[in-house]
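The structure appears below as structure tokens.
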There are 2 protein chains.
Amino acid sequence: MPKVSPVLLDEQLCFSIYSASKKFNHFYQSALAPFGLTYPQYIAMLVLWEDAPLTVHQLGERLELDSGTLTPLLKRLEKQGWVTRVRSRTDERQVLIHLTETAEAKRDEVYSRIGQCQTLLGMTDNEIDSMMTELVTVKDQLDTVSHQRLIAKEVDQD
Amino acid sequence: MPKVSPVLLDEQLCFSIYSASKKFNHFYQSALAPFGLTYPQYIAMLVLWEDAPLTVHQLGERLELDSGTLTPLLKRLEKQGWVTRVRSRTDERQVLIHLTETAEAKRDEVYSRIGQCQTLLGMTDNEIDSMMTELVTVKDQLDTVSHQRLIAKEVDQD
DNA sequence: GGCAATTTAATTGTATACAATACTCTTCGA
DNA sequence: TCGAAGAGTATTGTATACAATTAAATTGCC
């Protein structure tokens with residue numbers, strides 16, 4: 001083993017992001033407590049408010065979640081009266097997620113609550129845009145290298 | 001309800017961070033597959049390589065995780081031979097997490113693998129520093145407003 | 001038309017997360 | 001020193017995540 005540098009937790013970008021992600025979840029989850037929505041349920045509702053009805057697969061593409069996560073999540077949203085899950089007639093494999101009238105009716109209340117959260121965060125649109133742009137770069141790079149990783153293994157000894 | 005702006009998923013910083021966090025987890029988890037470490041197990045090992053032995057509480061402070069998460073995680077690390085869990089003699093409430101010799105021996109291999117991952121990511125130290133600084137600002141703000149949220153509720157109508 | 005390959009959801013199994021609770025041990029004040 | 005308060009860990013219950021598998025439906029290809 002050649003000389004290696006120590007890896008310190010506090011210098012890891014991954015941990016910074018992991019930690020920020022958890023804090024955001026708690027923040028929105030408690031902001032949305034009056035509606036009884038968890039964070040993943042909330043982002044599912046965001047997509048549905050934009051585009052319902054959607055199939056489980058389409059929703060999963062937007063949220064980057066698979067049916068293993070979404071099926072139980074959507075069953076909970078259904079039980080709580082936000083959505084309905086109906087087999088498509090034209091393609092019996094698909095399940096269409098529709099919004100209930102209750103969900104439509106509560107949309108603006110949730111939008112308004114989120115607007116308040118964004119205000120509390122106190123970031124300008126420019127700051128948010130710039131941060132999201134950087135994050136996209138990182139994510140793209142992660143997608144790219146995830147495919148190259150096996151090659152990297154072969155240059156293990158440098 | 002006053003006029004509200006739509007909330008679009010793709011404009012949410014929280015989702016960008018949530019998504020990036022998941023990608024980082026997968027990236028490191030597959031990079032560390034030869035060692036059999038999950039991402040949370042890996043960051044726990046990072047802290048222990050810096051500072052072992054630590055109590056569950058001390059480890060939790062560094063990782064921002066509680067005993068509900070750490071106890072089972074540490075039991076798995078113990079079963080896989082990375083750590084030992086021993087009740088402190090001076091304070092029977094505490095459990096000290098020690099590294100095994102195997103863990104000490106594998107440290108540099110893991111450090112090296114992570115070094116390769118950082119190289120693959122292709123970011124300069126400055127880029128990483130700057131991004132982490134921005135993230136600290138966001139996290140601090142989230143910590144601050146999490147305490148003020150109840151007050152915010154009272155200015156609901158603006 | 002008939003069947004293999006593909007697509008879509010659901011299921012299973014493992015591993016986080018975290019709130020809430022329980023339990024044990026320690027500390028601290030009367 | 002005795003008991004209440006507090007600290008540290010484990011447990012319980014709920015909700016994600018995701019790999020891998022299953023099952024049903026559709027599509028393609030002959």
Side-chain angles (χ1 to χ4, degrees), chain A residues 14-15 18-30 32-33 36-45 53-61 63-80 82-83 85-97 146, chain B residues 14-15 18-30 32-33 36-45 53-61 63-80 82-83 85-97 146:
Chain A
C14 60
F15 182 69
Y18 164 78
S19 162
S21 175
K22 289 197 299 176
K23 281 191 204 298
F24 259 122
N25 281 29
H26 301 157
F27 176 53
Y28 280 120
Q29 201 140 324
S30 62
L32 294 170
L37 291 171
T38 66
Y39 180 74
Q41 289 168 3
Y42 156 66
I43 58 173
M45 290 304 298
L54 288 172
T55 68
V56 174
H57 182 77
Q58 290 169 329
L59 190 55
E61 288 208 322
L63 298 175
E64 296 168 30
L65 293 172
D66 66 12
S67 69
T69 301
L70 284 177
T71 297
L73 185 153
L74 291 168
K75 283 181 179 174
R76 284 186 284 270
L77 281 180
E78 183 175 46
K79 189 185 296 181
Q80 293 165 34
W82 293 94
V83 305
R85 299 159 61 248
V86 271
R87 281 277 159 198
S88 161
R89 288 191 189 171
T90 59
D91 185 340
E92 290 275 341
R93 291 171 303 183
Q94 302 183 135
V95 168
L96 286 168
I97 312 300
S146 284
Chain B
C14 61
F15 183 69
Y18 165 79
S19 163
S21 175
K22 289 197 299 176
K23 282 191 203 298
F24 258 122
N25 281 29
H26 302 157
F27 177 53
Y28 280 120
Q29 200 140 323
S30 61
L32 295 170
L37 291 171
T38 65
Y39 180 75
Q41 288 167 5
Y42 156 65
I43 58 172
M45 289 304 299
L54 288 174
T55 67
V56 174
H57 183 77
Q58 289 170 329
L59 190 55
E61 288 209 323
L63 299 175
E64 296 169 30
L65 293 172
D66 66 14
S67 70
T69 301
L70 284 177
T71 296
L73 184 153
L74 292 169
K75 283 182 179 174
R76 285 186 284 271
L77 282 180
E78 183 175 46
K79 191 186 295 181
Q80 294 165 31
W82 293 94
V83 306
R85 298 160 61 248
V86 270
R87 281 277 159 197
S88 161
R89 289 191 186 168
T90 58
D91 185 340
E92 290 276 340
R93 290 171 303 183
Q94 301 183 135
V95 169
L96 286 168
I97 312 300
S146 283

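All chains are named by letter (A, B, ...) in the order of the sequence lines, taking the proteins before the strands, and each is independently numbered beginning at 1.
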Check your understanding: Tell me: CG of A:L54 to P of C:dT8, nearest whole Å?
Key ->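 In whole Å, C:dT8 P and A:L54 CG are 14 Å from each other.
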Point to revise | Value in whole Å for how far the P atom of C:dA15 lies from CD1 of B:I43 | key: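 Interatomic distance, CD1 of B:I43 to P of C:dA15: 16 Å.
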Grab the N/O contacts between the protein and nucleotides 19-28 of chain C below 3.5 Å, and write none if there aren't any.
from: C:dT26; atom 1: OP1; to: B:E92; atom 2: N; distance (Å): 3.2

**Study point:** Helix axis bend for the helix from C:dG1-D:dC30 to C:dA30-D:dT1 - C1'-based end axes, five pairs, 10° rounding
**Key:**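 Axis angle across the helix from C:dG1-D:dC30 to C:dA30-D:dT1, nearest 10°: 10°.
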Review point. Going by atom types only, do B:Q94 and B:T55 share a side-chain donor-acceptor pair under 3.5 Å?
Key: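 Checked: B:Q94/B:T55 side chains show no N/O donor-acceptor pair below 3.5 Å.
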**Study point:** Partner residues of A:F15 under the ring-ring contact (aromatic ring centres under 6.0 Å, His included) criterion, sequence neighbours left out
**Key:**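 Only A:Y18 meet the ring-ring contact (aromatic ring centres under 6.0 Å, His included) criterion with A:F15.
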Review point. Looking only at heavy atoms, which two atoms of B:S19 and A:E64 are closest? And how far apart?
Key: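 Scanning both residues completely, I find the closest heavy atoms to be OG-OE1, 3.0 Å.
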Check your understanding: Are A:T38 and D:dT14 close enough that a side-chain N or O sits under 4.0 Å from OP1 or OP2?
Key ->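 So the side-chain polar atoms of A:T38 never come under 4.0 Å of the phosphate oxygens OP1 or OP2 of D:dT14.
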Point to revise | Distance below 4.0 Å between B:R76 side-chain N/O and C:dT16 OP1 or OP2 | key: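 So the side chain of B:R76 is within the cut-off, an N or O lying under 4.0 Å from OP1 or OP2 of C:dT16.
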Point to revise | side-chain hydrogen bond (donor to acceptor under 3.5 Å, both in side chains) partners of A:E92, counting only residues at least two apart | key: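 None.
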Listed pairs, N/O of protein and of nucleotides 2-4 of chain D, under 3.5 Å:
none

Exercise for review: State which residues pass salt bridge (Lys or Arg N to Asp or Glu O under 4.0 Å) with A:E61; sequence neighbours excluded, sorted by chain then number.
Suggested key: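 By the salt bridge (Lys or Arg N to Asp or Glu O under 4.0 Å) rule, A:E61 matches no residue at all.
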**Study point:** Nearest-nucleotide pick for A:Q94, side chain only, options being C:dA15, C:dA17, C:dA9
**Key:**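 So the nucleotide nearest the side chain must be C:dA9.
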Practice item. Remember a base hit wins even if backbone is also touched, and classify A:L73 as base, sugar-phosphate or nothing at under 4.0 Å, heavy atoms. Key: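 A:L73: backbone/sugar contact only, no base atoms under 4.0 Å.
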Review point. Which part of the nucleic acid, if any, lies within contact of B:E64, taking any heavy atom under 4.0 Å across all strands shown: a base, the sugar-phosphate backbone alone, or nothing?
Key: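 Here B:E64 touches the backbone only, sparing every base.
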**Study point:** Residue met sooner reading DNA chain C from 5', once A:L70 and A:Y18 are mapped to nucleotides
**Key:**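 Its nearest nucleotide lies further toward 5', so the answer is A:L70.
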